[in-house]
Amino acid sequence: MSRGIVKLRAGVTLTLALLVAACSAVSTSPSLQPGSVKVVATTTVLADFAAKVGGDLVNVRSLVPKGADPHTFDPRPSDAIALSDADLAVMNGLGLDDWLLPLIENAGQEDLPVLKLGEGLADVDYITMDPAEGSGTNPHLWMDAAYAREYVDRIRVKLDEIDPAHATQYDANATAYDATLAALDQYVREQVASIPADNRKLVAFHDAFPYYARAYGLEIVGVVVHAPGQDPSAGEMADLIAAIRQASVKLILAEVQFPDQLIRQLAAEAGAKVEADLYDDALTDTVPSYEAMIRWDTDKIVEALR
């Protein structure tokens with residue numbers, strides 16, 4: 001899996017960025033009270049979790065913009081500014097967003113609390129990545145709403161620790177949001193159950209849906225690319241086409257942040273259809289929240305397979 005590399009644009013030094021930080025407060029909501037807890041998350045999905053738990057007590061910023069890919073994200077000088085006065089950094093870990101760690105160091109924030117939401121969860125059955133992608137654990141746990149609930153509880157515990165004076169409010173926010181996620185989990189299960197059993201097979205563009213598929217009773221027959229930005233060889237394409245035909249796969253999933261030409265070529269040759277506007281790593285104006293993203297993906301998949 002490819003990772004972003006910390007670079008500064010030409011003519012801009014980190015020292016200058018930190019000087020600017022001294023006179024530029026990073027804020028996503030002008031209504032926040034002075035002294036609010038400043039949370040910097042790597043992705044929009046994680047930022048949404050933090051905002052739901054923190055409410056108006058936190059100021060949350062996502063480093064990866066809406067609709068962008070965290071696998072290949074290249075941090076900017078403004079990201080060092082955001083981290084220079086942060087109270088908490090929230091990342092997924094498991095190789096998805098490790099580019100955050102050198103950025104924190106370069107921002108002079110070695111003591112900044114860093115919450116790695118996906119790592120070391122006691123109740124999680126981790127999925128090992130496809131060997132072609134290299135060793136490691138698949139990081140896309142949040143696609144299973146039950147694991148998203150684990151993420152939210154970790155954020156609650158950390159905010160209680162950082163800002164104990166408002167622990168009661170964080171706990172209440174987390175409890176309310178947990179109920180929303182529990183209902184979301186049930187919604188997905190009910191919708192997928194309406195798909196005929198023989199139709200619950202699919203191919204994904206990249207390996208972002210294994211936790212979703214396992215939790216909700218779908219089978220992923222294969223993936224098109226083992227790492228974003230690395231197209232498959234002709235031999236790999238031929239093998240995947242054969243697997244699609246043998247398993248009678250009817251649907252190939254693609255995500256909006258990636259080009260779909262390769263997917264459409266594969267579908268045409270294999271006799272499958274394409275659902276090209278799914279979301280997993282990033283929120284957008286179309287799916288502005290985690291709940292909206294999971295409902296959108298589920299509705300698209302169910303409609304295509306049912």
Side-chain angles (χ1 to χ4, degrees), residues 1-30 32-120 136 139 142 151 154-164 166 170 228 281-283:
M1 183 177 295
S2 60
R3 299 176 175 85
I5 300 173
V6 177
K7 300 178 181 177
L8 295 180
R9 294 173 181 170
V12 180
T13 67
L14 185 58
T15 300
L16 177 58
L18 294 178
L19 287 174
V20 172
C23 56
S24 267
V26 176
S27 176
T28 57
S29 175
L32 291 168
Q33 297 298 315
S36 298
V37 176
K38 297 180 177 63
V39 179
V40 175
T42 52
T43 73
T44 48
V45 172
L46 305 186
D48 187 47
F49 291 156
K52 292 297 195 302
V53 178
D56 60 5
L57 296 171
V58 301
N59 179 354
V60 182
R61 169 173 173 161
S62 172
L63 297 180
V64 180
K66 290 190 297 185
D69 177 23
H71 301 83
T72 56
F73 176 65
D74 187 9
R76 306 147 297 184
S78 59
D79 299 323
I81 296 174
L83 286 163
S84 67
D85 65 348
D87 299 302
L88 174 65
V90 175
M91 63 186 292
N92 188 78
L94 302 174
L96 178 75
D97 45 12
D98 286 351
W99 43 260
L100 176 68
L101 301 177
L103 186 64
I104 289 174
E105 183 178 354
N106 289 339
Q109 277 278 58
E110 293 86 351
D111 296 329
L112 177 66
V114 178
L115 184 57
K116 298 182 179 181
L117 294 174
E119 297 187 3
W142 65 88
Y151 278 27
R154 275 196 159 181
I155 293 170
R156 176 193 66 80
V157 170
K158 197 64 179 179
L159 288 177
D160 284 356
E161 177 186 321
I162 291 174
D163 185 20
H166 297 103
Y170 296 134
D281 291 324
L283 305 180

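We use all heavy atoms of the structure for the numbers below, so side chains are in, but hydrogens, waters and symmetry mates are not. Each residue takes its place number in the sequence, starting with 1. Keep in mind the model is a prediction, meaning the values are calculated, not measured.
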- Task: Say whether, by atom type as modelled, one donor and one acceptor occur between the side chain of W99 and the main chain of P70 under 3.5 angstrom.
- Result: yes
- Note on the structure: Rounded to the nearest 0.5 angstrom, the CG-CD1 distance for L57 and I162 is 12.5 Å
- Atom of R76, atom of P65 and distance for their closest heavy-atom approach: NH1-CG, 3.9 Å
- Message: Within the structure provided, determine whether V45 and L283 are in side-chain contact (heavy-atom separation under 4.5 Å).
- Response: yes
- Task: For the pair W142 and Y151, name the ring-plane relationship: parallel under 30°, tilted 30 to 60°, perpendicular over 60°.
- Result: tilted
- Message: Working to the nearest 0.5 angstrom, can you tell me the gap between L96 CG and D69 CG?
- Response: 8.5 Å
- Between N92 and P139, is there a donor-acceptor pair closer than 3.5 Å when you use the side chain of the first and the backbone of the second? yes
- Please name the pair of heavy atoms, one in R61 and one in S78, separated by the smallest distance, quoted to 0.1 Å. NH2-OG, 3.7 Å
- Query: Say you draw a straight line from CG of D98 to CE of M91; how long is it, rounded to the nearest 0.5 Å?
  - Reply: 5.0 Å
- Considering all heavy atoms of both residues, which atom of A80 and which atom of A107 are nearest to each other, and what is their separation? O-CB, 3.9 Å
- Do any N or O atoms from the side chain of D87 and from the backbone of K38 form a donor-acceptor pair under 3.5 angstrom? yes
- Query: Is any side-chain heavy atom of T43 less than 4.5 Å from a side-chain heavy atom of D281?
  - Reply: no
- Note on the structure: Smallest heavy-atom separation, A282 atom then A68 atom, equals CB-O, 3.3 Å
- Query: Can you check whether L46 reaches I155 side chain to side chain, under 4.5 Å on heavy atoms?
  - Reply: no
- Message: Nearest 0.5 angstrom please: E105 CD to L101 CG, how far?
- Response: 9.0 Å
- Query: How many angstroms lie between CZ in F73 and CG in L63, if you round to the nearest 0.5 Å?
  - Reply: 6.0 Å
Exercise answer: donor-acceptor pairs, residues 109-117 side-chain atoms, under 3.5 Å, sequence neighbours excluded:
| from | atom 1 | to | atom 2 | distance (Å) |
| --- | --- | --- | --- | --- |
| Q109 | NE2 | L83 | O | 2.8 |
| Q109 | NE2 | S84 | O | 3.4 |
| Q109 | NE2 | A86 | O | 3.3 |

- Note on the structure: Scanning both residues in full, the closest heavy-atom pair of L103 with P75 reads CD2-CB, 3.9 Å
- Message: Please find the pair of heavy atoms, one from A89 and one from L100, that lie closest to each other, and give the distance.
- Response: CB-CD2, 4.1 Å
- Residues in side-chain contact (heavy atoms from CB on, under 4.5 Å) with E161, at least two apart? K158
